[in-house]
Number of protein chains: 2
Amino acid sequence: MPITGEMLIGLTTVRGTDTPTQAINPATGETLGPDFPGGTPLDVDQACILAAAAFDPYRAAPLEARALFLETIAANIEALGEELILRVMAESGLPRPRLEGERGRTCGQLRLFAQVIRTGSFLNLTLDSALPDRKPLARPDLRSRKIPVGPVAVFGASNFPLAFSVAGGDTASALAAGCPVVAKAHPSHLGTSELIGRAIQQAVRDCKMPPGTFSLLFSTGNAVGEALVKHPAIQAVGFTGSRRGGLALVALAQARPQPIPVYAEMSATNPVFILPAALASRGAAIAESLVASATMGVGQFCTKPGIVLGLAGSSFETLSTTAAVTFSAATPGTMLNAGIHAAYEKGTAAFGAIPSVELLAQGLPSNGPSSAQPALFRTTSQAFLATPELSEEVFGPTTLLIACTTEAEFKVIAESLEGQLTATVHMDDADLPLAQSLLPILERKAGRILINGFPTGVEVSYAMVHGGPYPATSDPRATSVGAMSIDRFLRPVCYQNFPTALLPAELQAPTLPHSLDGKPA
Amino acid sequence: MPITGEMLIGLTTVRGTDTPTQAINPATGETLGPDFPGGTPLDVDQACILAAAAFDPYRAAPLEARALFLETIAANIEALGEELILRVMAESGLPRPRLEGERGRTCGQLRLFAQVIRTGSFLNLTLDSALPDRKPLARPDLRSRKIPVGPVAVFGASNFPLAFSVAGGDTASALAAGCPVVAKAHPSHLGTSELIGRAIQQAVRDCKMPPGTFSLLFSTGNAVGEALVKHPAIQAVGFTGSRRGGLALVALAQARPQPIPVYAEMSATNPVFILPAALASRGAAIAESLVASATMGVGQFCTKPGIVLGLAGSSFETLSTTAAVTFSAATPGTMLNAGIHAAYEKGTAAFGAIPSVELLAQGLPSNGPSSAQPALFRTTSQAFLATPELSEEVFGPTTLLIACTTEAEFKVIAESLEGQLTATVHMDDADLPLAQSLLPILERKAGRILINGFPTGVEVSYAMVHGGPYPATSDPRATSVGAMSIDRFLRPVCYQNFPTALLPAELQAPTLPHSLDGKPA
């Protein structure tokens, strides 16, 4: 399939008329063809009008048809084969095995959501029997279900060019919920976006879904994204990226005549607490795994462990030394784009310039235009608490060791943290009381808590929560990964005293899971 | 129980130090003792610090203890007996039967939520089995549950001094979710608020819940409410009232360093569509019931039918004439306070001043300081579409008949509407096709859709949705009435690879409803 640089608006292809952008290979700095001319607010309007027109028929399609549609998208992505993998490698600097895995995750996610659609559990079918003889007032028949909110704007993320971009979690969950999607391609992987967009567009055709079920727009500046969030047809926004970017979208969405929800997954330092017995018994092993987690994928995961706490003493020195040795041998890696690389350089330089922070180790030197040298820092709990900048995420292969002087400081630091995607505890049996006392704090701070593991690697499953209190996300009630992510794009509607012929089919004589008078049925 | 004018901060009573307010009997204009001196931001801080301290122990209490606590609140409210009823009557101008009914609803709501707590269904327990042998990567054990968001600020509503005030739906659902509550009393019913607050405070004592589980504050101006929404301990806000008030709280909540969700139930005109066959066969009967619904409780319901659409012609004239005759005989009623009465006078005067709007009938004349004279207006579909002011809610005993010229206009007007709490359709069998074509639009516009009924009277049940798209509420994903209202105050947390001893009890070997690997268990 040729990459043409055209946007996809419904079933048509549209060449943008605004400034063209090119994709750039971050490993070489060279430009990859073709040009991707940007869209205009008029293109946004056209895509949104089509999405609005698609909404009622798309949501009215049988659940089985919606499930098949998601499965067709997955199959069409797989059918792109080697062309896709080569293009993503060139645009992202990420290696083949990672991208083959990410493609598997993306398609697996679509297929999992297809299964969820078939169960109908997300519809939350709820029935209250009529009580015609109740005194003083009869109770009418009441039935409710969740319906999709309307067309959703999806902003592709740079760090998962497949799994959190055009056909990623936000798109998959919005489509699963019954919402048409208007996606804005991330400028870091435009060709990838077009290929994936065409796979979705073809699935719309294959499955005879309404034309406006999906559109894909390109843009150099912010005009298209802004117009998209402001468009009256758009009813929710999905975003994964920087805190600044996420907050800008939230502000736009709140300033609309009709404000809408924004699900922005933004930033986290993903604290790791290494409790004393675990530190003593296996500090060195933890250090090695920790470095692997912090440098994996050039540290470009939302869940990268950014701060690591342990009790000062000989065991901490062992951990620290092992981490330093491991970091020193860590290879540099090409970051996703020049901007992200520049931010990494700036962030590590800022950490290094703080007098109370020691640069403990650096990995092997950079070897290309956007190549990042891993960096390990160390500080004390007092310095950490006194230096707010140290709580800021540095996106890339770096982490900060924090030597605490008392066990009580674990709780003080946990309480001081902003909202997090994850919090991790390493513990042995003897650490159980301390872990138990930390847990309520960590529950308040994070969407996912791990024991004796590492936060990178987010399972796409039923129980997964990839979310958390602000500023990890803009909405702590939601997850952007896993089956529950579909719930973000739904709202409840109650049907009172409906004749059977007018009721939505799934509420007439429910065969899908439902509750009747408060009891599962 | 004497009404002292004191605020309740945790288990203590605190006399405010700011400007005192008095309750006023809206029927007579006379002041009711005692003084209620207002709180200060320091009182807010104290209540919120206590609430934050109560949060972890309150949410850790067994579900049965939490359920008993809600039931104890209900019993303590009932134990207030006649004293409560007399005070609410004096402060609200509402009649005894309505208030006895509202007390029943308030206590019934607490007891329903106690039952919901016992089922544990709202915890959304979700388990994914570990797959240690999965290739290429093992899957860890993943378990998730919903936990409460944290302390909740509740703003009492004027129009339900019991069911949507200090112990009303927002408080009951927040406490049911596991969130401490800091309530701000509505200045229209201060004595009622204190009595109810004392019943809750006593329940905190009776059930040995943490002292900060509940606090009640008074205030004349906005300082206390603002400080409350801005307080870092507060994690969500519940509000029922005007659009202006709700939007002010949303803006405050969004401007916090950590933005928080606001559930504001604000305004609606609750359109009623009378389809042709129903209009022809029983227009007069519909008119009579409609007037009863529009004037019940002096029209002071969020769900009052404010606009009524029918096809122009002889049947519409019958409906219109019957409505006018019935309205003409409608008695005036005392509104909740002088401000609400003034807004009603202003709103009906504004409608009357629009040239394309006819004042069709007025009820019997006002007979007291805050007494409202019912008013029935009529206009055409063209005038309605051309006059945005006619889409604004006028709170009180008034409604607007709209004569449409074509059936297609039903859909045009439905599409033109802002978000609504309810939409109602009156239909006979012959109207089914038209109703079916209207339904997708109404689903997009309203939280609850009724057939052949009237929207006033909101059942507290499992399937109820009292919510809807903006500006009916600030958050279309939520309901503020019914069992699902508890979900507003929850967020998901995932536990990865936890040793059994550290898992929350309900996730260890679940006995409550849960799902396992995507299947109900």
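Chain naming here is simple, since letters A, B, ... match the order of the sequence lines and numbering starts at 1 in each. Being a predicted model, the structure only gives us computed values, none of them experimental.
With a 4.5 Å cut-off on non-hydrogen atoms, B:Gln254 touches chain A through its side chain but not through its backbone. Of the two parts of B:Arg256, neither the backbone nor the side chain holds a non-hydrogen atom closer than 4.5 Å to a non-hydrogen atom of chain A. Proximity to chain A (any heavy atom under 4.5 Å) is restricted, for B:Phe55, to the side chain, taken from C-beta onward. With a 4.5 Å cut-off on non-hydrogen atoms, A:Pro492 touches chain B through its backbone and its side chain both. Residue contact with chain A, scored on non-hydrogen atoms closer than 4.5 Å, is absent for B:Val425. For B:Ile147, the part sitting under 4.5 Å from any heavy atom of chain A is the side chain, from C-beta outward, and nothing else. In this structure, chain A has a heavy atom under 4.5 Å from the side chain of B:Pro504, while its backbone stays farther away. Heavy atoms of A:Val116 lying under 4.5 Å from chain B are absent altogether. At a 4.5 Å heavy-atom cutoff, the contact between B:Pro440 and chain A is made by backbone and side-chain atoms alike. Heavy atoms closer than 4.5 Å to chain A are found in both the backbone and the side chain of B:Ala435. Neither the backbone nor the side chain of B:Pro520 comes within less than 4.5 Å of any heavy atom of chain A. Using a 4.5 Å cut-off between heavy atoms, B:Pro513 makes no contact with chain A at all. Within the 4.5 angstrom heavy-atom criterion, no atom of B:Asp487 approaches chain A.
Rounded to the nearest 0.5 angstrom, B:Met464 CE and A:Asp128 CG are separated by 8.0 Å. The distance from the CG atom of B:Asp475 to the CD1 atom of A:Ile260 is 12.5 Å, given to the nearest 0.5 Å. Atoms CD and CD, from B:Glu418 and A:Gln258 in turn, are 9.0 Å apart once rounded to the nearest 0.5 Å. Residue A:Phe498 holds its CZ atom at 5.0 Å from CD1 of B:Ile449, rounded to the nearest 0.5 Å. In this structure, CG in B:Asp56 is found 11.0 Å from OG in A:Ser437, a value given to the nearest 0.5 Å. Considering OG of A:Ser144 and CZ of B:Arg448, their distance stands at 12.0 Å, rounded to 0.5 Å.
Between B:Glu459 and A:Pro140 the shortest heavy-atom distance is OE1-CD, 4.3 Å. Minimum interatomic distance between A:Ile451 and B:Leu502 (heavy atoms only, all atoms of both residues): CD1-CD2, 3.5 Å. In plain terms, the two heavy atoms of B:Glu443 and A:Val493 that are nearest each other are O-CG2, 3.9 Å. Shown here for A:Arg491 and B:Ala446, the closest heavy-atom pair between the two residues is NH2-O, 2.7 Å. Of all the heavy atoms in B:Arg477 and A:Leu490, the pair that sits closest is CG-O, 3.6 Å.
B:Gln496 has its side chain out of reach of A:Pro455: every pair of non-hydrogen atoms, C-beta onward, lies at least 4.5 Å apart. Here the side chains of A:Asn497 and B:Asn452 are in contact, with some heavy-atom distance below 4.5 Å.
Contact count versus chain B (heavy atoms, under 4.5 Å) is highest, among A:Ala478, A:Gly482, A:Pro261, for A:Pro261. Of the listed residues A:Gly468, A:Ser474, A:Pro469, the one with more heavy-atom pairs under 4.5 angstrom with chain B than any other is A:Pro469. Of the listed residues (A:Ser121, A:Gly467, A:Pro148, A:Gly447), the greatest number of heavy-atom pairs within a distance under 4.5 Å of chain B belongs to A:Gly447. Each of B:Thr126, B:Asp429, B:Val465 has some count of heavy-atom pairs under 4.5 Å with chain A, and the biggest count is that of B:Val465. Contact tally against chain B (heavy-atom pairs below 4.5 Å) for A:Leu142, A:Thr422, A:Thr479, A:Thr424: the top residue is A:Leu142.
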Query raised in the report: Yes or no on side-chain hydrogen bond (donor to acceptor under 3.5 Å, both in side chains) for A:Tyr470 and B:Gln235, after CA distance, side-chain angles and deciding distance?
Result: CA-CA 11 Å; A:Tyr470 181 93; B:Gln235 294 299 304; over 6 Å; no

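Looking only at distances, no side-chain donor or acceptor of B:Arg444 sits under 3.5 Å from a matching main-chain atom of A:Gly150.
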